[in-house]
Amino acid sequence: MGREFIELFDNWSEDYDQTVAGHDEQYREVFEHYDHILQTVASRSFGTVVEFGVGTGNLTEKLIALGRVVYGVEPSSGMRRQIAKRGLSFTLLDGDFIQFPSIGEPVDSIVSTYAFHHLTDEEKEAAIALYGKLLSSGGKIVFADTVYRDADERELIHASAREAGYHNLLYDLQTEYYTTIEALQAMLERNGFSVTFNRLNRYVWLIDATKNG
């Protein structure tokens with residue numbers, strides 16, 4: 001459920017926005033076009049939105065600006081403290097991708113950026129199955145996350161990070177649960193979604209899935 005990474009995000013919470021702004025050279029490519037990525041995810045959502053992994057609230061702010069009703073789910077207390085400072089008008093919940101409080105109203109869209117890779121593939125499928133029950137026909141999952149095109153690309157990206165001396169990035173790539181497009185597409189289709197993938201930078205893909213009628 002990704003909760004093994006909570007301590008990491010508690011410790012990262014005060015510096016997270018500097019990282020996404022490109023201040024850490026090792027992660028600069030990962031967060032390239034960050035603002036555009038967030039805006040793209042926000043624009044593909046509609047209605048009442050559940051956002052998983054709200055972090056410091058960068059996507060949340062864009063969702064609210066577009067008039068969405070937002071329920072944000074965040075397991076890290078450090079991140080929840082950071083987003084509380086922004087005074088955004090939304091409902092903040094303590095939870096993760098699979099275990100979270102009842103929303104209490106119909107959900108139209110489920111969104112997330114830079115977070116779904118904290119679940120194993122087995123957990124990803126369990127989450128997708130849950131969202132399939134939560135969403136009505138036409139409801140959407142819109143995620144942006146690091147996904148490999150295939151196993152060959154995984155090896156290529158790992159080798160590139162190794163050659164550049166980006167040891168922290170390489171460690172993350174090797175220890176977190178980044179999947180492939182083929183695997184993720186199969187999970188979504190098995191659970192009644194049609195999905196498209198569009199590359200947003202070298203690491204990040206837009207995953208836009210619609211629940212079939």
Side-chain angles (χ1 to χ4, degrees), residues 1-42 51-62 74-83 96-97 111-124 127 142-185 187 195-208:
M1 292 169 287
R3 287 186 173 267
E4 62 266 44
F5 300 103
I6 289 177
E7 184 177 357
L8 182 154
F9 281 93
D10 284 344
N11 294 333
W12 196 11
S13 59
E14 293 188 7
D15 300 320
Y16 180 80
D17 285 334
Q18 293 183 15
T19 303
V20 301
H23 293 183
D24 187 330
E25 181 181 351
Q26 294 198 39
Y27 293 89
R28 193 166 293 154
E29 275 193 305
V30 177
F31 292 104
E32 188 176 19
H33 310 309
Y34 180 69
D35 190 71
H36 171 71
I37 289 169
L38 300 188
Q39 193 64 49
T40 300
V41 171
E51 179 191 355
F52 288 101
V54 299
T56 59
N58 297 320
L59 175 59
T60 316
E61 187 171 59
K62 293 185 183 300
E74 173 57 58
S76 162
S77 59
M79 289 294 190
R80 291 198 303 273
R81 284 194 297 271
Q82 292 301 315
I83 195 171
D96 57 51
F97 279 102
V111 303
S112 184
T113 55
Y114 291 90
F116 203 46
H117 62 270
H118 295 131
L119 303 187
T120 65
D121 277 14
E122 182 178 349
E123 290 169 340
K124 287 184 184 76
V142 188
F143 288 172
D145 200 14
T146 292
V147 182
Y148 300 113
R149 187 188 296 276
D150 51 34
D152 289 341
E153 184 176 74
R154 176 190 282 117
E155 294 306 315
L156 183 64
I157 287 177
H158 286 193
S160 177
R162 188 180 298 109
E163 290 165 9
Y166 293 165
H167 302 299
N168 291 340
L169 174 59
L170 181 61
Y171 177 80
D172 289 344
L173 293 173
Q174 291 176 331
T175 57
E176 299 186 22
Y177 309 120
Y178 300 98
T179 194
T180 63
I181 285 177
E182 180 182 14
L184 196 50
Q185 181 172 354
M187 294 177 206
V195 60
T196 61
F197 296 85
N198 290 286
R199 189 161 227 152
L200 300 177
N201 67 30
R202 186 186 185 195
Y203 289 86
V204 175
W205 291 75
L206 178 72
I207 301 125
D208 188 332

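Just so you know, these numbers come straight off a predicted model, no measurement behind them. For the single chain, residues carry numbers from 1 onward in sequence order.
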Compare all side-chain heavy atoms of [X] with those of [Y] and state whether any distance is below 4.5 angstrom.
{"X": "P75", "Y": "F97", "result": "no"}
{"X": "L173", "Y": "Y148", "result": "yes"}
{"X": "D35", "Y": "K62", "result": "yes"}
{"X": "R149", "Y": "F197", "result": "no"}
{"X": "V195", "Y": "D208", "result": "no"}
{"X": "L200", "Y": "H33", "result": "no"}
{"X": "L206", "Y": "V41", "result": "yes"}
{"X": "E74", "Y": "I83", "result": "no"}

* Taking atom types as modelled, is there a side-chain donor on N201 or Y34 under 3.5 Å from an acceptor on the other? -> no

Can you measure from [atom1] ([X]) to [atom2] ([Y]) and round to the nearest 0.5 angstrom?
{"X": "L59", "Y": "L38", "atom1": "CG", "atom2": "CG", "result": "5.5 Å"}
{"X": "R154", "Y": "T179", "atom1": "CZ", "atom2": "OG1", "result": "7.0 Å"}
{"X": "T175", "Y": "Y171", "atom1": "OG1", "atom2": "OH", "result": "4.5 Å"}
{"X": "Q174", "Y": "L169", "atom1": "CD", "atom2": "CG", "result": "9.5 Å"}
{"X": "L184", "Y": "I207", "atom1": "CG", "atom2": "CD1", "result": "5.0 Å"}
{"X": "H118", "Y": "F52", "atom1": "NE2", "atom2": "CZ", "result": "15.0 Å"}

* To do: Measure centre to centre between the rings of Y177 and H117, then say whether the value is under 6.0 Å.
  => no

* **Close aromatic pair by centroid cut-off 6.0 Å: Y203 and F31** => no

* **Derivation and outcome, side-chain contact (heavy atoms from CB on, under 4.5 Å), residues N58 and T56** => CA-CA 6 Å; N58 297 320; T56 59; 3.3 Å; yes

* Verify, without hydrogens or angle tests, whether T40 (side chain) and H36 (backbone) share a donor-acceptor contact under 3.5 angstrom. => yes

* To do: Taking Y114 for its side chain and V204 for its backbone only, find out whether a donor-acceptor pair lies under 3.5 Å.
  => no

* Asked: Passes side-chain contact (heavy atoms from CB on, under 4.5 Å), E155 versus D152? Steps please.
  -> CA-CA 5 Å; E155 294 306 315; D152 289 341; 5.8 Å; no

* How close do A115 and D145 get, heavy atom to heavy atom, and via which atoms? -> N-OD1, 3.7 Å

* State, to 0.1 Å, how close I181 and V147 come at their nearest heavy-atom pair, and which atoms those are. => N-CG1, 3.4 Å

* Given side chain to side chain donor-acceptor pair (under 3.5 Å), test N168 with Y27 step by step and report yes or no. => CA-CA 9 Å; N168 291 340; Y27 293 89; 5.6 Å; no

* Asked: Are the charged groups of R202 and E29 less than 4.0 angstrom apart, N to O?
  -> yes

* **Salt bridge present between E153 and R199 (N-O < 4.0 angstrom)** => yes

